[in-house]
Amino acid sequence: MGRGEFHNTFLPFCAPAEESNLLLCFQDPSRVVCPIIDVISMDNFNYIGASADLRGGFDWNLVFKWEYLGPKERTRRAQDPTRAIRTPMIAGGLFVIDKAYFEKLGKYDMKMDVWGGENLEISFRVWQCGGSLEIIPCSRVGHVFRKRHPYTFPGGSGNVFARNTRRAAEVWMDDYKQYYYNAVPLAKHIPYGDIIDRLELKERLQCKPFKWYLENVYPELQIPEENVISSISQHGRCIDTLGHLSHNTVGLYQCHSSGGNQEWALTDDGLLKHHEMCLTLPERQAGIALIMTPCGEEEDQHWVQTEPGGLIKHAQLSLCIDSRDRSRGLTVEKCESLSSTQRWTVSLHRA
């Protein structure tokens with residue numbers, strides 16, 4: 001089901017009846033549900049099943065991402081794999097919503113352009129205005145992902161996405177929108193149009209503040225401490241995710257001091273973190289490329305910096321983070337104290 005298509009569907013919600021083992025079910029139109037989205041290859045139409053241990057989330061740059069469920073939720077799902085997954089955000093292209101509820105909720109923000117950001121806006125609106133978002137693991141839909149958009153973006157896709165995203169931030173994020181502008185400073189200069197009707201909708205529906213959303217829906221999204229961004233660099237180039245996701249490599253890119261993909265921190269307990277992802281050594285040998293995996297789920301995620309501006313060494317092995325082979329991203333190599341590709345500067349700066 002794509003944008004603009006809606007099913008008049010009510011979803012049953014069941015609760016234990018008093019003093020009995022029976023379940024009483026009633027209809028709850030405020031539940032907005034999504035399937036697990038599998039991939040159908042555009043090249044050969046092979047069907048690739050997606051993990052059922054994912055939910056939708058985002059960083060302060062307000063870019064949607066799939067993230068792994070926490071250990072407690074995965075344990076509960078192991079006991080009941082059909083259990084619905086509460087999700088802070090939906091992908092946007094595939095969901096079921098009651099038609100009357102969708103209209104009451106304000107439909108789409110029709111002043112957004114072309115594509116991008118509408119899933120962010122509707123996710124905030126559903127949660128903050130009394131509804132809920134869930135992924136139903138028994139429901140799967142295959143999706144053919146195009147290699148490029150089949151339509152054009154006036155002014156460029158980046159400007160259109162920033163405009164739409166900024167509209168969502170201005171309406172729904174209250175003072176927390178500043179963290180978005182810190183992560184994407186160029187967005188401050190993108191006109192976002194008139195939002196008076198959306199603010200009036202927010203008031204009319206008596207929606208909760210974004211602080212409530214962070215505390216009750218997405219407490220895992222950490223608020224940057226005092227707007228200070230940390231980065232790890234080498235000769236003017238910073239460790240950067242390069243837009244990669246979990247279980248992919250990282251590399252170096254010219255430092256821009258704006259956070260985003262370059263927001264990395266070496267914590268007191270030795271984790272090299274980018275939000276909830278940690279730099280991980282997948283195999284214990286020299287020459288192996290480092291990857292990002294969820295923090296706390298792998299053994300080889302702990303690092304020690306020998307001195308300011310010095311080597312970043314594996315906590316147990318004589319292997320250090322190295323940038324000599326840029327085609328493969330960051331690797332670990334035998335520690336060499338005089339090697340310029342193994343010396344790193346950890347710095348803090350205000351956004």
Side-chain angles (χ1 to χ4, degrees), residues 1-15 23-37 55-58 62 64 84-139 141 160-161 163-177 180 192-219 221:
M1 184 171 58
R3 179 169 176 171
E5 300 176 55
F6 312 102
H7 289 186
N8 193 12
T9 303
F10 288 89
L11 300 163
F13 178 80
C14 301
L23 292 177
L24 294 179
C25 295
F26 55 91
Q27 307 297 343
D28 181 6
S30 69
R31 294 171 69 191
V32 179
V33 300
C34 318
I36 292 176
I37 304 174
R55 67 176 189 174
F58 59 94
L62 302 188
F64 176 84
I85 301 167
R86 279 168 46 105
T87 181
M89 184 168 289
I90 58 176
L94 295 161
F95 64 93
V96 174
I97 187 170
D98 173 63
K99 185 174 185 293
Y101 180 66
F102 180 74
E103 292 174 346
K104 174 187 175 182
L105 202 62
K107 303 181 182 178
Y108 279 111
D109 178 355
M110 298 307 294
K111 294 179 183 176
M112 286 188 172
D113 289 336
V114 192
W115 176 91
E118 75 278 357
N119 63 318
L120 181 88
E121 194 274 342
I122 201 169
S123 296
F124 291 162
R125 182 154 38 101
V126 168
W127 277 115
Q128 290 175 242
C129 302
S132 63
L133 298 173
E134 294 179 346
I135 296 171
I136 307 301
C138 292
S139 176
V141 174
V160 170
F161 182 80
R163 181 184 191 276
N164 293 348
T165 304
R166 191 178 182 192
R167 285 184 66 84
E170 288 288 338
V171 174
W172 298 105
M173 293 181 67
D174 306 324
D175 291 341
Y176 292 90
K177 64 188 177 186
Y180 162 59
Y192 58 89
D194 184 3
I195 58 172
I196 291 177
D197 60 333
R198 305 310 285 179
L199 293 173
E200 289 176 346
L201 172 70
K202 181 180 178 182
E203 179 68 22
R204 184 167 65 252
L205 295 176
Q206 297 183 322
C207 302
K208 296 180 177 69
F210 196 73
K211 184 175 187 291
W212 176 90
Y213 174 87
L214 290 178
E215 292 175 348
N216 294 276
V217 179
Y218 205 10
L221 182 63

Undergrad: For residues Leu120 and Phe64, determine if any side-chain heavy atom of one lies less than 4.5 Å from a side-chain heavy atom of the other.
TA: no
Undergrad: When rounded to the nearest 0.5 angstrom, what distance separates SG in Cys207 from CD in Gln128?
TA: 7.0 Å
Undergrad: Identify the two heavy atoms, one from Asp197 and one from Lys111, that lie closest to each other, and give their separation to 0.1 Å.
TA: OD1-NZ, 3.9 Å
Undergrad: Begin with the C-alpha distance, continue with both residues' side-chain angles, and end with the deciding distance and a verdict on side chain to side chain contact (heavy atoms under 4.5 Å, CB included) for Val126 and Ser132.
TA: CA-CA 6 Å; Val126 168; Ser132 63; 5.5 Å; no
Undergrad: Checking Cys34 against Leu94 for the side chain to side chain contact (heavy atoms under 4.5 Å, CB included) test, could you report, in this order, the C-alpha distance in whole Å, the side-chain angles of both residues, the deciding distance, and whether it holds?
TA: CA-CA 6 Å; Cys34 318; Leu94 295 161; 5.8 Å; no
Undergrad: Evaluate side chain to side chain contact (heavy atoms under 4.5 Å, CB included) for Val141 paired with Ile37, printing each intermediate quantity in order.
TA: CA-CA 5 Å; Val141 174; Ile37 304 174; 5.7 Å; no
Undergrad: Check Met89 against Gly57 and note the closest heavy-atom contact, atom names and distance.
TA: SD-O, 4.2 Å
Undergrad: Are side-chain heavy atoms of Arg166 and Phe161 found at a separation under 4.5 Å?
TA: no
Undergrad: Step by step, would you call Tyr180 with Phe58 a ring pair (Phe, Tyr, Trp, His ring centres under 6.0 Å)?
TA: CA-CA 11 Å; Tyr180 162 59; Phe58 59 94; over 10 Å; no
Undergrad: Indicate yes or no for a side-chain donor-acceptor contact from Arg125 to the backbone of Lys107 under 3.5 Å, with no hydrogens or angles considered.
TA: yes
Undergrad: Quick one: do Lys177 and Glu170 satisfy salt bridge (charged side-chain N to carboxylate O under 4.0 Å, His left out)? Show the steps, please.
TA: CA-CA 7 Å; Lys177 64 188 177 186; Glu170 288 288 338; 2.9 Å; yes
Undergrad: Excluding sequence neighbours, so at least two apart, what forms side-chain hydrogen bond (donor to acceptor under 3.5 Å, both in side chains) with Asp174?
TA: Lys202
Undergrad: Would you give the length of the straight line joining atom SG of Cys129 to atom CG of Leu105, rounded to the nearest 0.5 angstrom?
TA: 6.0 Å
Undergrad: List the residues meeting side chain to side chain contact (heavy atoms under 4.5 Å, CB included) with Pro88, not counting sequence neighbours, and say none if there are none.
TA: Arg55, Tyr213, Val217, Tyr218
Undergrad: Using modelled atom types and a 3.5 Å cut-off, is there a donor and acceptor pairing between side-chain atoms of Thr87 and backbone atoms of Leu133?
TA: no
Undergrad: To the nearest 0.5 Å, what is the distance between CD on Glu200 and CG on Leu205?
TA: 12.0 Å
Undergrad: Does any pair with a residue in residues 209-219 pass salt bridge (charged side-chain N to carboxylate O under 4.0 Å, His left out), and if so which ones, sequence neighbours excluded?
TA: Lys211-Glu215
Undergrad: For the atom pair CG (Leu201) and CD (Glu203), what is the distance rounded to the nearest 0.5 Å?
TA: 10.5 Å
Undergrad: Closest approach of Leu62 and Ala169, non-hydrogen atoms and distance?
TA: CD1-CB, 4.1 Å
Undergrad: I want to check something: taking the side chain as every heavy atom from C-beta on, are Arg167 and Ile195 in contact at a cut-off of under 4.5 Å?
TA: yes
Undergrad: For the CG atom of Leu199 and the CG atom of Asp194, what is their distance to the nearest 0.5 Å?
TA: 9.0 Å
Undergrad: Would you say the side-chain atoms of Trp172 and Glu121 include a donor-acceptor pair closer than 3.5 Å?
TA: yes
Undergrad: Taking NZ in Lys104 as the centre, count heavy atoms belonging to other residues, nucleotides or ligands within less than 6.0 Å. Is the count above 12?
TA: no
Undergrad: Return the minimal non-hydrogen interatomic distance between Glu134 and Ala84, and the atom names on each side.
TA: OE1-CB, 3.7 Å
Undergrad: What is the distance from atom CG of Asp109 to atom CG of Asn164, rounded to the nearest 0.5 Å?
TA: 8.0 Å
Undergrad: Return the minimal non-hydrogen interatomic distance between Gly130 and Ser30, and the atom names on each side.
TA: O-OG, 4.1 Å
Undergrad: Would Phe102 and Val32 satisfy side chain to side chain contact (heavy atoms under 4.5 Å, CB included), going step by step from the backbone distance to the final call?
TA: CA-CA 9 Å; Phe102 180 74; Val32 179; over 6 Å; no
